[in-house]
Chemist: 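Here it is: the structure, laid out below.
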Amino acid sequence: MEPALHGRTALVTGVSRRKGIGYAVAVRLAELGASVFVQHFAPHDDAQPWGGDDLDAVRAGIRSALTEGAVFGDVSADLAEPDAATLVMGAAVGLTGRVDILVANHARSGGDGSIFDMTATMLDGHWQVNARSTLLLTRAFAEQFGLTARPGAAGSDAAGPVGAAQTPRRPGERGDPAAAAIDEFATGRVIWLTSGQIHGPMPGEVAYAASKAVLAGLTPTVASELLVRGILLNTVNPGPVNTGYLDPETTDRPLDGMLEYLRTLPFGRFGEPTDPARLIAWLCTTEARWLVGQVLTSDGGFSLAN
């Protein structure tokens, strides 16, 4: 039997460290048969307490998970740059000719603070990477996916390529509900990653939480617009996952009382990158074809115990 994602191509962003969620997602998608293209930006991690990683080792780990016939590619890009999303998507399309899955895992860390620390520069920096680039990547994904809007739907560009100039849709305007049905077994998939601000406060991370809250809040709106193009968008909150920032030697926060705190959690541990990776990979398979426009939390009961 063919792997679940045989013949599909996935773009995963923010894959520069073997301890990261992005790496775990890329490996899992590869194990399921997908060709995998990743974006990384090592200078960001090099500036963090946990530091960077050997990119050759990152590449080798993903390649080793590929199934027969699948291929791998990667590009370094700073997603704070306005044209980075278009460049990254173009490079990913070059791998096999089309991208079927987008996992927007990337995020800016550091340079944050409380509401009393906020500056325009801090807020803009997190917005550019965490929110703006995710939205632009999603647009670029939809435009290359190869499906025009359903016949008769508002904004249909059947006379030209997807992404051609169109009349902007007015507020509240929807596609034609009588248009032809979507083939549920041929849909594209987009997965955004948000954070725990939907369950409680994140003191000292106002810029980060704000930029991630944008994605959670926009999920239903963007999902409804992508659906008429045969693309399913869902968003995942991975909960507290230890990607190095909860290790004493590489943490960016005080860890006093951590062992006592862990005993209060249902499974007695924080998440590991493979925990949300399993959910994200499942959302990319046909088994998840009935799920769209949702914000899902994968935290091992963390939000129930706090």
Chemist: To the nearest 0.5 Å, what is the distance between CZ on Arg229 and CZ on Phe145?
Modeler: 11.5 Å

Chemist: Minimum heavy-atom separation for Asn130 and Ser211, please, with both atom names.
Modeler: ND2-OG, 2.9 Å

Chemist: Are Ile191 and Val222 joined in one hydrophobic group, where the rule is that I, L, V, M, F, W and Y side chains link up if heavy atoms are under 4.5 Å apart?
Modeler: no

Chemist: Taking the side chain as every heavy atom from C-beta outward, state whether Val190 and Trp192 have any atom pair closer than 4.5 Å.
Modeler: yes

Chemist: Given the rule that I, L, V, M, F, W and Y join up when any side-chain heavy atoms are under 4.5 Å apart, are Val36 and Leu95 in one cluster?
Modeler: no

Chemist: For Ser133 and Ala85, work out which heavy atoms get closest and say how close.
Modeler: O-CB, 4.1 Å

Chemist: Is it true that Thr96 and Thr9 share a donor-acceptor pair across their side chains at a distance under 3.5 Å?
Modeler: yes

Chemist: Can you find a heavy atom in the side chain of Leu137 that is under 4.5 Å from one in the side chain of Thr13?
Modeler: yes

Chemist: So, His44 side chain and Ser109 main chain: donor-acceptor pair closer than 3.5 Å or not?
Modeler: yes

Chemist: Within the 4.5 Å heavy-atom criterion, are Ile21 and Leu193 side-chain neighbours or not?
Modeler: yes

Chemist: Give a yes or no on whether the backbone of Gly61 and the side-chain of Arg18 come within a donor-acceptor separation of less than 3.5 Å.
Modeler: no

Chemist: Which distance, rounded to the nearest 0.5 Å, do you find between the CZ of Phe41 and the CG of Asp46?
Modeler: 9.5 Å

Chemist: For residues Val12 and Ile280: do they belong to one hydrophobic cluster (side chain heavy atoms under 4.5 Å, members Ile, Leu, Val, Met, Phe, Trp, Tyr)?
Modeler: yes

Chemist: With distance as the sole test, does Asn234 use its side chain to make a donor-acceptor pair with the main-chain N or O of Gly293 at under 3.5 Å?
Modeler: yes

Chemist: Over all heavy atoms of both residues, which pair between Val88 and Ala77 is shortest? Give the atoms and the distance, please.
Modeler: CG2-CB, 3.5 Å

Chemist: Please tell me whether Ile101 and Leu232 are part of a single hydrophobic cluster in this structure, the criterion being side-chain heavy atoms less than 4.5 Å apart.
Modeler: no

Chemist: Output yes when Asp74 and Arg59 qualify as a salt bridge under the 4.0 Å nitrogen-oxygen rule, no when they do not.
Modeler: yes

Chemist: Any side-chain to backbone donor/acceptor pair from Asp112 onto Tyr208? Under 3.5 Å, distance only.
Modeler: yes

Chemist: I'd like to know whether Trp282 forms a side chain to side chain contact (heavy atoms under 4.5 Å, CB included) with Glu287, so could you lay out the CA-CA distance, the side-chain angles of the two residues, the decisive distance to 0.1 Å, and finally the verdict.
Modeler: CA-CA 7 Å; Trp282 177 79; Glu287 292 297 306; 3.4 Å; yes

Chemist: Does the distance from a Lys or Arg side-chain N to an Asp or Glu carboxylate O, for Arg108 and Asp78, drop under 4.0 Å?
Modeler: no

Chemist: Keeping Gln39 on the side-chain end and Gly14 on the backbone end, is there a donor-acceptor pair under 3.5 Å?
Modeler: yes

Chemist: For the residue pair Gln197 and Ala213, what are the closest heavy atoms and their distance?
Modeler: NE2-CA, 3.4 Å

Chemist: Counting C-beta onward and ignoring hydrogens, is there a side-chain heavy-atom pair between Arg189 and Leu283 closer than 4.5 Å?
Modeler: no

Chemist: Using a 3.5 Å distance criterion without hydrogens, assess whether the side chain of Arg139 forms a donor-acceptor pair with backbone atoms of Leu136.
Modeler: no

Chemist: I'd like to know whether His6 forms a side-chain hydrogen bond (donor to acceptor under 3.5 Å, both in side chains) with Thr67, so could you lay out the CA-CA distance, the side-chain angles of the two residues, the decisive distance to 0.1 Å, and finally the verdict.
Modeler: CA-CA 8 Å; His6 175 78; Thr67 62; 5.3 Å; no

Chemist: Backbone N or O of Leu79 within a donor-acceptor pair of the Glu81 side chain at under 3.5 Å?
Modeler: no

Chemist: Would you please test Arg28 and Val25 for side chain to side chain contact (heavy atoms under 4.5 Å, CB included) and show each step?
Modeler: CA-CA 5 Å; Arg28 185 59 185 146; Val25 170; 5.8 Å; no

Chemist: Keeping the roles fixed (side chain from Asp124, backbone from Thr121), state whether a donor-acceptor pair exists under 3.5 Å.
Modeler: no

Chemist: Indicate yes or no: at least one non-hydrogen side-chain atom of Thr235 is less than 4.5 angstrom from one of Gln294.
Modeler: no

Chemist: How many angstroms lie between atom CG of Asp275 and atom CZ of Phe270, to the nearest 0.5 angstrom?
Modeler: 13.0 Å

Chemist: Any chance you could measure Asp100, atom CG, to Leu11, atom CG, to the nearest 0.5 Å?
Modeler: 11.0 Å

Chemist: Less than 3.5 Å apart, any donor N or O on the side chain of Ser114 or Asp117 sitting next to an acceptor on the other?
Modeler: yes

Chemist: How close do Asn237 and Ser195 get, counting heavy atoms only, and between which atoms?
Modeler: OD1-C, 3.4 Å

Chemist: Any donor and acceptor pair, going by atom type alone, linking the side chain of Thr119 with main-chain N or O of Met122 inside 3.5 Å?
Modeler: yes

Chemist: Output, in order, the C-alpha distance, side-chain angles, deciding distance and verdict of side chain to side chain contact (heavy atoms under 4.5 Å, CB included) for Val241 and Glu272.
Modeler: CA-CA 5 Å; Val241 174; Glu272 299 173 355; 5.5 Å; no

Chemist: Is there a path of hydrophobic side-chain contacts, each under 4.5 Å between heavy atoms of I, L, V, M, F, W or Y residues, that connects Val103 with Val15?
Modeler: yes

Chemist: Taking atom CG of Leu66 and atom CZ of Phe72, what is their separation to the nearest 0.5 Å?
Modeler: 8.0 Å

Chemist: Do the side chain of Thr194 and the main chain of Lys212 share a donor and acceptor less than 3.5 angstrom apart?
Modeler: yes

Chemist: Decide yes or no for Val236 and Val295: does some side-chain heavy atom of the first lie under 4.5 Å from some side-chain heavy atom of the second?
Modeler: no

Chemist: With a 4.5 Å heavy-atom cut-off, do Val58 and Ser16 have their side chains touching?
Modeler: no

Chemist: Provide the closest heavy-atom pair for Phe141 versus Gly188 in the form atom of the first, atom of the second, distance.
Modeler: CZ-CA, 4.3 Å

Chemist: From Gln144 CD over to Thr86 OG1, what is the distance, rounded to the nearest 0.5 angstrom?
Modeler: 11.5 Å

Chemist: Val292 and Leu233: side chain to side chain contact (heavy atoms under 4.5 Å, CB included), yes or no, with the steps?
Modeler: CA-CA 6 Å; Val292 58; Leu233 164 68; 5.6 Å; no

Chemist: Is any side-chain heavy atom of Leu227 closer than 4.5 Å to a side-chain heavy atom of Ile182?
Modeler: yes

